[in-house]
4 protein chains.
Amino acid sequence: MKTIDKHEKIIKAAVKVFAKKGFFSARISDIAKVAKVADGTIYLYFNNKFDILLSVFDIEIGRLINQVKELIEKETNPCRMLEIFALKHLSLLKENRSLAEIIQMELRQNNKLIKEYRVTKFSEYVDIISHVIRQGQALNLFRKDIQPGIAKRAFFGALDEMARLWILAPKPAYNIEETAMQISKIFLCGIIDKGSAQADEKRC
Amino acid sequence: MKTIDKHEKIIKAAVKVFAKKGFFSARISDIAKVAKVADGTIYLYFNNKFDILLSVFDIEIGRLINQVKELIEKETNPCRMLEIFALKHLSLLKENRSLAEIIQMELRQNNKLIKEYRVTKFSEYVDIISHVIRQGQALNLFRKDIQPGIAKRAFFGALDEMARLWILAPKPAYNIEETAMQISKIFLCGIIDKGSAQADEKRC
Amino acid sequence: MKTIDKHEKIIKAAVKVFAKKGFFSARISDIAKVAKVADGTIYLYFNNKFDILLSVFDIEIGRLINQVKELIEKETNPCRMLEIFALKHLSLLKENRSLAEIIQMELRQNNKLIKEYRVTKFSEYVDIISHVIRQGQALNLFRKDIQPGIAKRAFFGALDEMARLWILAPKPAYNIEETAMQISKIFLCGIIDKGSAQADEKRC
Amino acid sequence: MKTIDKHEKIIKAAVKVFAKKGFFSARISDIAKVAKVADGTIYLYFNNKFDILLSVFDIEIGRLINQVKELIEKETNPCRMLEIFALKHLSLLKENRSLAEIIQMELRQNNKLIKEYRVTKFSEYVDIISHVIRQGQALNLFRKDIQPGIAKRAFFGALDEMARLWILAPKPAYNIEETAMQISKIFLCGIIDKGSAQADEKRC
DNA sequence: AATGAATGAGCATTCATTCAT
DNA sequence: TATGAATGAATGCTCATTCAT
């Protein structure tokens, strides 16, 4: 119990501190202080500072993946699945602002390990989207000329950019449901007004 | 001339070094070496390390903004404008991989100054998109229920995520034109197959 | 019995670890691991790390002293006594390479306690030599102009330097008996060739 | 001039600090303080702490070697050469007590680099002795059954042990000239009283 | 303006020692 | 007695910044 306790406490503290200061500016003693643990204790559970960051991903992003996956698996309609992904991704990050900040910041560090790690672990999450898109195409719901590999990134990138906005501006101008719906709509239906004569005329 | 020369040389060197190592891991002496300048000389042109980073944005992103703006202003059709934005954004970052890496990495640093700066400077670039969207809506080309503030982020985020892919995987699976077109298409038309009976049936 | 057992086990382990890594580089946990004992247990038997080192000397060097003394006491001829000392010193250290390394390394630490300790304990061993020399002088076997205090150090130093050689070069170029005899001979007879006309001529 | 100055100052300071505290207990900041230099400055001249120690050997022992060699080369009689070696070795270490302490202490560290270094550099010094012995043997001055490799160690070890005594007991009981002569005599003539009937009788 | 040697604050990590169990 | 998790003081080294030249 104790071991799990300390490990967890340190992870939680690291999430907070990394979010607040960023990986490079965070000091081990900051994490230790927040975790109410001695500096040296951290090294009983982690090999080094970077190892803490990787563990944060393992644990916290793993948790994110599981929650989103679980919800999506209950659904059969690919359109709904994407809507749920958008809504859940945004709301979970909203609830866990620290994690959102870490994903924003640290996932982009130009670090070999992060790069490799990201390929391995984080892509599992984003690949949920491309699986859904392929299902939609198989059901003749989605256009076949859309490449799932590009579309998944477009969808995830759109959501990610919104998350970034929230980090920059703590008081969001848009609520989660609306944002998730707008992005899903843009993605699913596009922004062209098909009922409009002008659009047709201009061959948009 | 010489002063301008040095300032420019240092900026160029900083772009390379920041891109290769990231801001925190980059050393002033690295930049000085690449710029073929003494360490101390850098402090004749910049206040501190972070000031170099801000200047990189000022100069290099300013250049990016100008190039994209110029092309878009020649166009009147909002649909084409977005296509051009996508194509140009991706191809310019492709040509200037170092800048692309810096945007990816450093723009997400959880740093007060960067945050403030980003609001001020970088948003000017992204706002090109929302202006275009508003133009499209005014022309009855784009649906009025799309919020330009969300849509601009969705569009930029989609492009940005593709740029990120290229940084992580130097050998891209997708070419620029195709990627730009796919993203524009998704954004403009959505991914639902409107001609399909299934899509209609499932009220997707 | 058990307590003695543990104490002994720790000492034995410490000899190995100190020999392998040196006092400063040896970790308490290394010793604990080799002794198959918990780290904390060591502190039930020793006050601190340095105390272990002193105990190693007490026990292991004490053992060395006893063995050499015992053999020498059986002998009456001072010349033979020195030969035996040389042979036994070298062969015992050869058998116990770890102890040899510790004597080499740790006995020279510039540490007040070691210094004091050395005077107290180790000199008892070296004094065997001066006692023998005085016996030889009393029996008119050895020259009276030789100062026992210097001679004992010369003899011990010579042996010690050979031991050092073995530690540095695990595969010795010289065997023990030969080495012991050579050193005894040099010490007892010198290296000048008294039968040679040249030596006489040069008043060497 | 400045560079040489600082390098020299740091070496000198390191000799003092290493002598006083020993390598492991010496702190870089101690050396910096004694050298009247900032901590970081040390790293402009040395790669790391151990590199300082090696440099101390290079410079200071190199100096010792040169001085002893120079004197010996003026001499042709191998007996005198050994006497001079003994006298000079002891008196130079006497003058430079810090260096003497470092040789005593650090030369015996069980450290791979030191071991290798010692073979390379320090043996050059000790080999002076074996060269002299071979010369003596070639001139029929010294007995041919003495192995120079063992004899050199015996001679050096004897001197070294005396140096050690001085380090342990700052107030020496024996003066340098007397000590050097005694060791040379023991080495050259042995301690057996050849004029004595007893010695002959006991086949010593 | 330009240099680059010098500075010294700052921090990750180690490990002897303690103490609750 | 015995354990080993927890502690936290201690330190080698880095590197942004300064400043005498």
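Letters A, B, ... are given to chains in the order of the sequence lines, protein chains preceding strands, and every chain is numbered from 1. Note that the coordinates shown come from a computational prediction; the quantities given were computed from them, not determined experimentally.
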Could you state the [atom1]-[atom2] distance from [X] to [N], rounded to the nearest angstrom?
{"X": "B:Phe50", "N": "F:dA16", "atom1": "CZ", "atom2": "P", "result": "14 Å"}
{"X": "D:Leu44", "N": "E:dT3", "atom1": "CG", "atom2": "P", "result": "18 Å"}
{"X": "D:Ile42", "N": "F:dT11", "atom1": "CD1", "atom2": "P", "result": "14 Å"}
{"X": "C:Phe46", "N": "F:dA2", "atom1": "CZ", "atom2": "P", "result": "13 Å"}
{"X": "D:Tyr43", "N": "F:dC15", "atom1": "OH", "atom2": "C1'", "result": "13 Å"}
{"X": "B:Asp39", "N": "F:dT18", "atom1": "CG", "atom2": "C1'", "result": "12 Å"}
{"X": "B:Asp51", "N": "F:dA16", "atom1": "CG", "atom2": "P", "result": "14 Å"}
{"X": "C:Phe24", "N": "F:dA10", "atom1": "CZ", "atom2": "P", "result": "16 Å"}

**Study point:** N/O donor-acceptor pair under 3.5 Å between D:Lys49 side chain and D:Phe23 backbone
**Key:** yes
Point to revise | Parallel, tilted or perpendicular: ring planes of B:Phe24 versus A:Phe24, cut at 30 and 60 degrees | key: parallel
Check your understanding: Taking C-beta and beyond as the side chain, do D:Glu101 and D:Phe18 meet within less than 4.5 Å on heavy atoms?
Key -> no
Review point. Under 4.5 Å between any side-chain heavy atoms of D:Ile28 and D:Ile52, yes or no?
Key: yes
**Study point:** With D:Tyr43 via ring pair (Phe, Tyr, Trp, His ring centres under 6.0 Å) - residues at least two apart
**Key:** none
Study note, to complete from the structure: By nearest-nucleotide position on DNA chain F, the 5'-leaning member of D:Asn47 and A:Gly40 is A:Gly40
Check your understanding: Relative to the 5' end of DNA chain F, which residue comes earlier, D:Arg27 or B:Arg27, by the nucleotide with the nearest heavy atom?
Key -> D:Arg27
Point to revise | Positions of residues 28-38 of chain D (non-hydrogen atom under 4.0 Å from DNA chain F), listed by number | key: D:Ile28
Exercise for review: For E:dA6, take OP1 and OP2 only and decide whether either is under 4.0 Å from a side-chain N or O of D:Lys6.
Suggested key: yes
**Study point:** N or O in side chain of C:Lys49 less than 4.0 angstrom from E:dT17 OP1/OP2
**Key:** no
Study note, to complete from the structure: Sorted by chain and residue number, the salt bridge (Lys or Arg N to Asp or Glu O under 4.0 Å) partners of B:Lys12 (sequence neighbours excluded) come out as B:Glu60
Check your understanding: Applying salt bridge (charged side-chain N to carboxylate O under 4.0 Å, His left out), which residue pairs with at least one partner in residues 27-45 of chain C are found, sequence neighbours left out?
Key -> C:Lys21-C:Asp30, C:Arg27-C:Asp30
Check your understanding: Between D:Ile31, D:Thr41, D:Leu53, D:Ile11, which is the residue that forms a side chain to side chain contact (heavy atoms under 4.5 Å, CB included) with D:Phe46?
Key -> D:Ile11
Practice item. Using heavy atoms to find the nearest nucleotide of DNA chain E for D:Thr41 and C:Thr41 separately, return the residue whose nucleotide is more 5′. Key: D:Thr41
Practice item. Taking side chain to side chain contact (heavy atoms under 4.5 Å, CB included) as the test, write out the residues that go with A:Asn48, two or more places apart. Key: A:Phe50, A:Asp51
Review point. Please, what dot-bracket string fits DNA chain F when only Watson-Crick and G-U pairs with both distances under 3.5 Å count, crossing ones use [ ] and pairs to another strand use |?
Key: .||||||||||||||||||||
